[in-house]
Amino acid sequence: MKKYIFLLLFACCLIFNIQAQNKIELFSPNGEIKVSIRLSDKIYYDVSCSNEKVLENNSLMLALKEQVLGEHPKLSGQKRKSVKETLTPIVPLKFASIDNEYNQLLLNFRDNYSVEFRAFNDGIAYRFITRFKKDIEVIGEDFSLQLPSEYLLHLQQPEGFKTGYEEFYSHIPSTSWKPSDRMSVLPILIDTHKSYKILVCEADLSDYPCMFLKSDGNNNITSVFPKVPLEFGDDGDRSLKILKEADYIAKTNGKRSFPWRYFSIVKEDKHLVENTMTYKLAAPNQLQDVSWIKPGQVSWEWWNGAIPYGEDVTFKAGCNLATYKYYIDFAAKYGIPYILMDEGWAKTTQDPYTPNPDVDLHELIRYGKEKNVDIILWLSWLTVEKNFDLFKVLGEWGVKGIKIDFMDRSDQWMVNFYERVAKEAAKHHLLIDFHGAFKPAGLEYRYPNILSYEGVKGMEHMWDCLPDNSVYLPFMRNAVGPMDYTPGAMITMQPNVYRTERPNSASIGTRAYQLALYVIFESGLQMLADNPTLYYRNEDCTRFITQVPTTWDETIVLDAKIGEYVIVAKRKGEKWFIGGMTNSKEEERNFEISLDFLKTDRCYHLTAFEDGINASRQAMHYKRRTLEVKQGQRLSIRMAKSGGFAGIFE
């Protein structure tokens, strides 16, 4: 009997030891976030915050042609380390310096792969690492989220993999998302209905497709990826049609790290706006000389039809030399460093070497340099791909940047196109603005000459650009990287009376709302979308807009509620700027904002633009006021529906 008891105890101890070895925990530096990892038939992990489980039984696998990594994993060792450092972005969209503190766990498995986890005070991340000598084909990747209860999901759902990432956000209970429903691009935002919000995205994306998410019908979220295109056919003058696809999503180097899958986890909505997770997980800068990279504002002609008017316009306006000189003169007067010449500057969209003779591009480049205004040119991605030596040519001409448009895909081939463009453009000191683009995922930090991406339902959508949708952007799309929304409308309307057509383009929302977007929205190239004529006629608004920086030393979110409103304060040097925006759900909102962010020994002069008393009906009604303020005081802010508030502290 004693022998059997001993064997039973031995077996129990053995089982306990095996379970202990197969259950691994990683904590954030402050101890509030815990990742619990279990190894059995798959690699499973739970995520808890302050002992509240927010995600459970999540799993991860990477399916290769020859084997499945993460299936019946055999742990061969693990390494831990803690990191505490300060990062300094070359293009600081939120902060001039960022504290990067995390605990890391590297799990090494047999069969030549590892999984690396990092736990930050504001979230977690993981990635696969492989150590194969030969190239590998990735058949698929299993990113599986098991939601413990019904959560509210904020999604952006395209019709398919061909998308410009410009869909409205949808807001649905997780249990209502069906497998037959449209998938979602990243990022997605999860509201647990309890204490936490979770922003899900990816970083350090290279030689691999973007991840999309869909429902499996059981309150679970799974990943799906576009396959590698093999054959293309004609699809107009600016795109290609995919005729044949591979049975794999990536063919890549067998010795590499894969993209990070990250979760930014916050209690307060405002901390989503301050998120810097993409940067903290991005690969480091690859450029030795970055002195030529100059973020700044851009006067843009497409939205307003390139038709200035008024007593000072004595020429026939349009896509011609006189009109673009007028834009350069406007930019020079207000210290705007760039103008963007959109479609029409070249004789045809397919020939980037022959300018439109009515434009005389070389004279404009010369004239612009006299006025300290440089030129950015629009091109379709297909034209760029067919003429990859144009970077050298444009650099020699004196062009400063390229806006590349209509990619509308995010398979491995197209992801690699972005990187090839960034690398080649950097050789010739050219800035890049990607349009028709997927969301930022870290390439802009490896190649900081990438100053912006579109991938947003911005103001070019006119009647579809609603404040009720745009107010989600600081919490989602703009939270993961720069965003070319193209603000700056001087004709503004409430949605119930909206009427517009180029060249008399208008926006939905109040005038103060438009001014505030320059403070709230982040982009290394920030457009002034409207007509110089209207900017001249609204001198006080134009003076404010052109004072707003495109890079920042410090960002503080003063008040925020996802999908309803956000108020931010941002510092550049000794000046502070404030911007607020709200949706149309209430006739007006009133706030009392603490000015504790100001320095104690200073008296500040505040110039503020706020919604006028009639702004809920006449959106162009605004009031400009000035006052003296100090730290410790409180500022009253009133925003009308679809309204805003903007100001500068000097």
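By convention here, the first residue in the shown sequence is residue 1.
For the side chain to side chain donor-acceptor pair (under 3.5 Å) test, residues two or more places apart in sequence or in another chain that qualify with Asn416 are Asp207. The ring-ring contact (aromatic ring centres under 6.0 Å, His included) check on His271 picks up nothing, with sequence neighbours excluded. Checked against side chain to side chain donor-acceptor pair (under 3.5 Å), Glu116 has the following partners two or more places apart in sequence or in another chain: Gln104, Arg118, Arg127. Evaluation of the side-chain contact (heavy atoms from CB on, under 4.5 Å) rule for Asn387 yields Pro352, Tyr353, Thr383, Asp389, Leu390 as partners, not counting sequence neighbours. The side-chain contact (heavy atoms from CB on, under 4.5 Å) test applied to Asp468 returns Asn583, Ser584, Lys585, not counting sequence neighbours. With sequence neighbours excluded, the residues that form a side-chain contact (heavy atoms from CB on, under 4.5 Å) with Asp374 are Tyr338, Lys369, Lys400. Not counting sequence neighbours, the partners of Asn304 by the side-chain contact (heavy atoms from CB on, under 4.5 Å) test are Tyr327, Asp530, Asn531. Residues passing the side chain to side chain donor-acceptor pair (under 3.5 Å) test with Thr546, sequence neighbours excluded: none. Listed by chain and residue number, nothing satisfies the side chain to side chain donor-acceptor pair (under 3.5 Å) test with Ser223 (two or more places apart in sequence, or in another chain). In this structure, the salt bridge (charged side-chain N to carboxylate O under 4.0 Å, His left out) partners of Glu419, at least two apart in sequence or on a different chain, are Arg446.
Between the side chains of Gln297 and Tyr334, no donor N or O sits under 3.5 Å from an acceptor N or O. Between the side chains of Gln157 and Ser170, at least one donor N or O lies within less than 3.5 Å of an accepting N or O. Tyr485 and Ser470 are linked by a side-chain donor-acceptor pair at a separation below 3.5 angstrom, with hydrogens and angles left out of the test.
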Would you give me the side-chain donor-acceptor pairs under 3.5 Å for residues 158-165, sequence neighbours excluded?
from	atom 1	to	atom 2	distance (Å)
Thr163	OG1	Tyr165	N	2.9
Thr163	OG1	Glu167	OE2	2.6

Atom pairs and distances, side-chain donor-acceptor, residues 279-287, under 3.5 Å, sequence neighbours left out:
from	atom 1	to	atom 2	distance (Å)
Asn285	OD1	Leu287	N	2.8
Asn285	ND2	Leu287	O	2.8
Gln286	NE2	Pro284	O	3.0

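Note that Lys457 lies in the cation-pi zone of Phe168, set by a 6.0 Å cut-off to the ring centre and a 45° limit from the axis.
Of the options Met476, Arg477, Met483, a side-chain contact (heavy atoms from CB on, under 4.5 Å) to Lys439 is made by Arg477 and by none of the others.
You'll find the ring centres of Tyr418 and Phe438 inside the 6.0 Å limit.
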